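All of these numbers come straight from a predicted model, not from anything done at the bench. Computed over heavy atoms, backbone and side chain alike; hydrogens, waters and symmetry mates excluded.
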Amino acid sequence: MNTFGKTLLASALLGISACSPLASVTNPSANALSFNKQHIFYTDASIYSSQNEIEAVTKSGEWLIWAEDPQRELWMASLSDNTLTPTKIAILDHGVDGLCAAPLSDTALDVFISDGDGGMHHYWLTPQGGQFHAVRNLAINPDVERCLLNESSLIYLDPYLGAMSVDRNPETDTVIRPANVAANRHLIEKLSSAPESLILEHAHSAPQAPFPLISADLETDSVDRAGDAADDPAILVSDKGTLWIAGTDKQQGLRVYNAQGKQIHFLKRGRLNNVDSLALTNNRFLLSATNRTSHSIDLFIAEPDKNRIEFISAIPLAMDDPYGLCMAKDASGKIAVFAGDSEGLVQYWQLDNNYRSGNMLAEYHFDSQTEGCVYNTVDQQLYVGQEDKGIWKIAPMSGEKTLIETMAQGNLVADVEGLDIYYGDQQYLIASSQGDDSYVVYQIAPWKMLSKFRIGPNTHTGLDGASETDGLAVSAKPIKDYPQGIMVVQDGRNVSPAANQNFKIIDWRKVEDLLNN
């Protein structure tokens, strides 16, 4: 389900405590901080007192964060602020036995809270704006009170198993394992010797991503079944600015979302894998999709301004497992659909004028599975992603193939999944590199890799990043709030909070900024 509305911003956010304000402290040393049930001390002098019971305290940079019972309140204060006024962050829906925090970015913190009952709760906190968002809940042993963060991991002291570790990045697989004692000896010693529930900062800087990060601006509703379901998006923008996103649900059919990411249509057509769209007029679109249930190319007519979409026909395919698909007007002006299977076959179909039948003109064979493809209307070449090998350029009628990007070049990590072309002032081909959760942007003529990036968290809105991406789509058409268009990607994990798969929407200007820097 959508993460919007799932934040933990309390109604009392930015409210002031009835307790005493903090005394003036200049650059407090972590070693000089301590607390008891009613007071937080700096060099044995009380800098904060409360009528409630203080359960845990941590510090990250200038920010002091603590939890109080019995209302389960989380508080913060800036130690560099002359007024040093406590601010209530949230009222939690769980207990607090341990607390640790560290920078996630220049403006946000990772916060982890153990509840004493077998939960480790992960949050994003933006102190300056007061945003506080739930990210995930890890299942751990009860009675964990001590945790620390290094640049990449959460390390906590399990009373039964010893020091344990899990990746801070929620986009990775959540695997809890014994901490590497040799690499983290000083942290583990600090955990073992620290006063109860006073575990202060260790990671002084944010984790270093291997590639630039940009954040999504919006996400669609999740599909209604768990597991690998959402797969490939297509973007429809009418001349009136109506935005639709069509996304395949490869367990059930085709889902259509509006500009707010809300599902507005569902066509139950079976296991649709890939989808593409083509404008027939200013406000009328043809959609095509590979159907693995009926072994066909399914065709739909959509009119976003009239809020209408209908299935019109299915062209049979002599394929056991139809898979990848893309569509465009070819050099003859006819509508071409390129459909592939999971065995390395891609077929070139040309549709009749009524879009209810077609003729197969050519076949291309590969020695392993393909999926993502896009037809370039500028050079009239087909680009196909071979999942474990790279990207091919193909002359559609002759079938001449050129492998223009290989795994050996290091830009792509198998599997190569979604492909699309952005037709702006310049044309760019974008590929999803599923193996390292990244996206690669290429200049087409001459072929050149321009940028590689990941989609990370939007800590201001609580929106998670994207990982294990299958399909993607881009559009340069101006849309309200997106004057240079958008990029839409499938999110294979959808972790914040944990939900079924969905699609993320990114303002193209964020990609353009990477290309210009």
Side-chain angles (χ1 to χ4, degrees), residues 1-10 13 55-56 58 60 65-69 71-76 89-102 104 108-126 131-150 152-161 163-179 191 197 199 203 207 219 222 226-227 456-459 461-468 491-502:
M1 60 190 299
N2 197 303
T3 59
F4 291 104
K6 292 296 183 181
T7 68
L8 288 181
L9 280 172
L13 188 63
E55 291 292 331
T58 192
S60 180
I65 304 168
W66 67 95
E68 298 183 13
D69 264 348
Q71 287 83 17
R72 295 177 171 177
E73 299 170 340
L74 195 66
W75 293 80
M76 69 178 178
I89 303 170
I91 298 175
L92 303 170
D93 61 2
H94 56 78
V96 178
D97 267 23
L99 173 63
C100 54
L104 175 62
L109 302 176
D110 264 333
V111 177
F112 286 85
I113 302 174
S114 61
D115 62 18
D117 293 318
M120 178 70 79
H121 304 262
H122 183 185
Y123 299 95
W124 292 324
L125 169 62
T126 308
Q131 292 92 354
F132 186 66
H133 300 278
V135 180
R136 55 179 169 164
N137 184 22
L138 308 175
I140 61 173
N141 277 328
D143 304 322
V144 170
E145 295 180 345
R146 305 178 182 194
C147 62
L148 273 171
L149 299 170
N150 64 22
S152 60
S153 302
L154 162 73
I155 299 174
Y156 64 88
L157 199 61
D158 186 305
Y160 312 102
L161 301 175
M164 305 298 290
S165 174
V166 64
D167 201 318
R168 284 174 60 179
N169 181 4
E171 297 295 341
T172 61
D173 289 325
T174 300
V175 178
I176 298 174
R177 56 174 64 87
L191 282 173
S197 301
I199 308 298
E219 67 178 353
S222 298
N458 187 329
T459 55
T461 62
L463 197 63
D464 65 318
S467 53
E468 289 191 336
D491 185 5
R493 286 196 174 96
N494 199 23
V495 295
S496 173
N500 294 339
Q501 295 178 340
N502 67 355

Looking at every heavy atom in both [X] and [Y], which two are closest together, and how far apart are they?
X	Y	answer
Trp124	Asp464	CH2-CA, 3.9 Å
Phe132	Leu74	CZ-CD2, 3.6 Å
Cys100	Leu148	SG-N, 4.0 Å

Practice prompt. Take Leu463 and His133, measure what side-chain contact (heavy atoms from CB on, under 4.5 Å) needs, and give me the verdict at the end.
Written response: CA-CA 9 Å; Leu463 197 63; His133 300 278; over 6 Å; no
Practice prompt. For Ser152, check side-chain contact (heavy atoms from CB on, under 4.5 Å) against everything at least two apart and list the hits.
Written response: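 Result, side-chain contact (heavy atoms from CB on, under 4.5 Å) vs Ser152: Asn150.
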Can you tell me if [X] and [Y] form a side-chain donor-acceptor pair at under 3.5 Å?
X	Y	answer
His122	Asn137	no
Asn502	Glu219	yes
Thr174	Asp167	no

Minimum side-chain heavy-atom gap [X]-[Y] below 4.5 Å:
X	Y	answer
Pro159	Asp143	yes
Val175	Val166	no
Ser467	Asp491	yes
Ile113	Tyr123	yes
Asp110	Leu154	no
Phe112	Val135	no
Met164	Ile140	no

Worksheet item: In chain order, what residues pass the side-chain hydrogen bond (donor to acceptor under 3.5 Å, both in side chains) check against Asp115, with sequence neighbours excluded?
Response: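 For Asp115 the side-chain hydrogen bond (donor to acceptor under 3.5 Å, both in side chains) partners, ignoring immediate neighbours, are His121.
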Worksheet item: Out of curiosity, Glu68 CD to Trp75 CH2, how far, rounded to the nearest 0.5 Å?
Response: 6.5 Å
Item to complete: Output, in order, the C-alpha distance, side-chain angles, deciding distance and verdict of side-chain contact (heavy atoms from CB on, under 4.5 Å) for Ile89 and Glu73.
Response: CA-CA 8 Å; Ile89 303 170; Glu73 299 170 340; over 6 Å; no
Item to complete: Kindly write out the residues that satisfy salt bridge (Lys or Arg N to Asp or Glu O under 4.0 Å) with Glu171, not counting sequence neighbours, or none if the list is empty.
Response: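 By the salt bridge (Lys or Arg N to Asp or Glu O under 4.0 Å) rule, Glu171 matches no residue at all.
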